[in-house]
A.B. asks: 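Quick one: the structure is below, questions incoming.
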2 protein chains.
Amino acid sequence: MTGQGPAASPRRARRSDAQRNEQRLLEAAAAVFVASGVDAPIREIAAEAGVGLGTIYRHFPTRTDLVVAVYGHQVEACAAAGPRLLAEAASPLDALLAWVDRFVDFLITKHGLADALGSDDTGFRQLHAYFLERLVPVCAELLEATERAGQTTPGVDAYELMRGIGNLCIGHESDTRYDPRHMVGLLIRGLRGTAAAPTANP
Amino acid sequence: MTGQGPAASPRRARRSDAQRNEQRLLEAAAAVFVASGVDAPIREIAAEAGVGLGTIYRHFPTRTDLVVAVYGHQVEACAAAGPRLLAEAASPLDALLAWVDRFVDFLITKHGLADALGSDDTGFRQLHAYFLERLVPVCAELLEATERAGQTTPGVDAYELMRGIGNLCIGHESDTRYDPRHMVGLLIRGLRGTAAAPTANP
DNA sequence: GACGATCCGGAACCTTGTTCCGTATCGTCT
DNA sequence: AGACGATACGGAACAAGGTTCCGGATCGTC
């Protein structure tokens, strides 16, 4: 172990133009995602960044890499919010509700993200996987807490719940008659099911 | 009334080869839809039918036309089942449950159909519209009945419910961990909400 | 200043959708 | 039967987007 580099030992540091381009691509991607959605043509992002196609593919081999680079910290923040809410909220159910709200907000706020997660196109499969792998454990924790508190019917799988919520958020743009929040609200209400609130009940 | 043609008076009947080709296309499309999903390349269907690209576009200008031609009668049957169930089932809620079951079965049975309905690709927009226009009224009728019977919380929009159910069915293939029926079940349970069953309850 | 490692740009190729038109076929009329 | 106009056919051609690849420019170091 010579311990000379940040990691193993890339004999040379990254070239400065490479760093610059990565930065430009990140900014361009963020802008294009907002303008045209996360499924915008790669060429459009390359053009916005003033960079060739080869460059974008070298820095971000898959679309997922780009999306994660742009929105990754928000996903992480969402993941981190789970335990925090559980600690701070009045009850596990309140925590779950708040967390789901936050997740839904994130999805429907990012142009085309929900649709992308729902689609099974090549290049979105990995994105799908990333989201689920990152957030399902958090959701599971919240769910277990609500179950233990008797606020939720047991036996609901966190993975399925996350997929369900994500799916419900699909297509909210391009359809003003459909508000995902209504259906997510219904879904969550179904989660409470017959496990009536242990407290008040007229 | 001369009563010579089937309709108004296309001065000539359709050519026999045209009829033959339409038939072939229908059969080919059905086969390809099963094998490769409703989003299979047009060329694949043309090849399967042994016709040129121009021919398929002439007979079925949009993908929707083809899908409706293949699955239309099943959609109609589903639409027709609504009133019948309402008349036959023990309660409006039973009717609604049975009808939703039937709809979900239909969606997850047809390779890629749910995904297609969820996507907002050009050429699937119309399919989406067709399904909703045909089935939302039926769902609305069932929903009103359950509401009147006090088996369902009022204020839920049939259109949103149908979209929600459809969305929940997306991506069930290519993901063995996700069973749409579970989430649809939850959604429907949320529909019943706090409107406790007016009858028996252990 | 030179030289090798790195990185860049975009031409080129693939897949799929869609249009268009020269040509073949059909049905009818003589 | 033969001819002729209406129909229908086939597939070339064009567009859009994804992905690969490599000659050449640039960077960092010696």
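Naming convention: chains lettered A, B, ... in sequence-line order (proteins, then strands); numbering from 1 in each chain.
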A.B. asks: Just by protein heavy atoms under 4.0 Å, how would nucleotides 25-30 of chain C read 5' to 3' in B, S and -?
C.D. replies: BSS---

A.B. asks: Can you name the residues that form a salt bridge (Lys or Arg N to Asp or Glu O under 4.0 Å) with B:Asp175, not counting sequence neighbours?
C.D. replies: A:Arg163

A.B. asks: Which of parallel (below 30°), tilted (30 to 60°) and perpendicular (above 60°) describes A:Phe106 and A:Tyr71?
C.D. replies: perpendicular

A.B. asks: Expressed in angstrom and rounded to an integer, what is the separation of A:Phe124 atom CZ from D:dG17 atom C1'?
C.D. replies: 13 Å

A.B. asks: Output all residues satisfying side-chain hydrogen bond (donor to acceptor under 3.5 Å, both in side chains) with B:Asp17, sequence neighbours left out; order by chain, then residue number.
C.D. replies: B:Arg15

A.B. asks: Got a donor-acceptor contact below 3.5 angstrom from the B:Arg189 side chain to the A:Arg192 backbone?
C.D. replies: no

A.B. asks: Does B:His182 have any side-chain hydrogen bond (donor to acceptor under 3.5 Å, both in side chains) partners at least two apart in sequence or in another chain, and if so, which?
C.D. replies: A:Glu160

A.B. asks: Filter on salt bridge (charged side-chain N to carboxylate O under 4.0 Å, His left out), then keep only pairs touching residues 91-114 of chain A, sequence neighbours left out; what's left?
C.D. replies: A:Asp105-A:Arg181

A.B. asks: Check whether any side-chain nitrogen or oxygen of B:Asn21 sits under 4.0 Å from OP1 or OP2 of D:dA8, and answer yes or no.
C.D. replies: no

A.B. asks: Taking only distance into account, with no hydrogens and no angle test, what donor-acceptor pairs under 3.5 Å do side-chain atoms of residues 43-59 of chain B form with protein atoms, sequence neighbours excluded?
C.D. replies:
{"residue": "B:Glu44", "atom": "OE2", "partner": "B:Ser36", "partner atom": "OG", "Å": "2.8"}
{"residue": "B:His59", "atom": "ND1", "partner": "B:Glu22", "partner atom": "OE1", "Å": "3.4"}

A.B. asks: Counting only non-hydrogen atoms, which of residues 50-60 of chain B are less than 4.0 Å from DNA chain C?
C.D. replies: B:Leu53, B:Gly54, B:Tyr57

A.B. asks: Would you list the pairs meeting side chain to side chain donor-acceptor pair (under 3.5 Å) in which at least one residue belongs to residues 111-135 of chain B, sequence neighbours left out?
C.D. replies: B:Glu76-B:Tyr130, B:Glu76-B:Arg134

A.B. asks: With the threshold set at under 4.0 Å for non-hydrogen atoms, list the residues of residues 25-47 of chain B touching DNA chain C in residue-number order.
C.D. replies: B:Pro41, B:Ile42, B:Arg43

A.B. asks: Identify every side-chain donor-acceptor pair in residues 137-149 of chain B under 3.5 Å, counting partners at least two apart or on other chains, and give the distances.
C.D. replies:
{"residue": "B:Thr146", "atom": "OG1", "partner": "B:Leu143", "partner atom": "O", "Å": "2.7"}
{"residue": "B:Thr146", "atom": "OG1", "partner": "B:Thr152", "partner atom": "OG1", "Å": "3.4"}

A.B. asks: Could you check A:Val68 against A:Phe60 for side-chain contact (heavy atoms from CB on, under 4.5 Å), going step by step and ending with a plain yes or no?
C.D. replies: CA-CA 10 Å; A:Val68 169; A:Phe60 305 98; over 6 Å; no

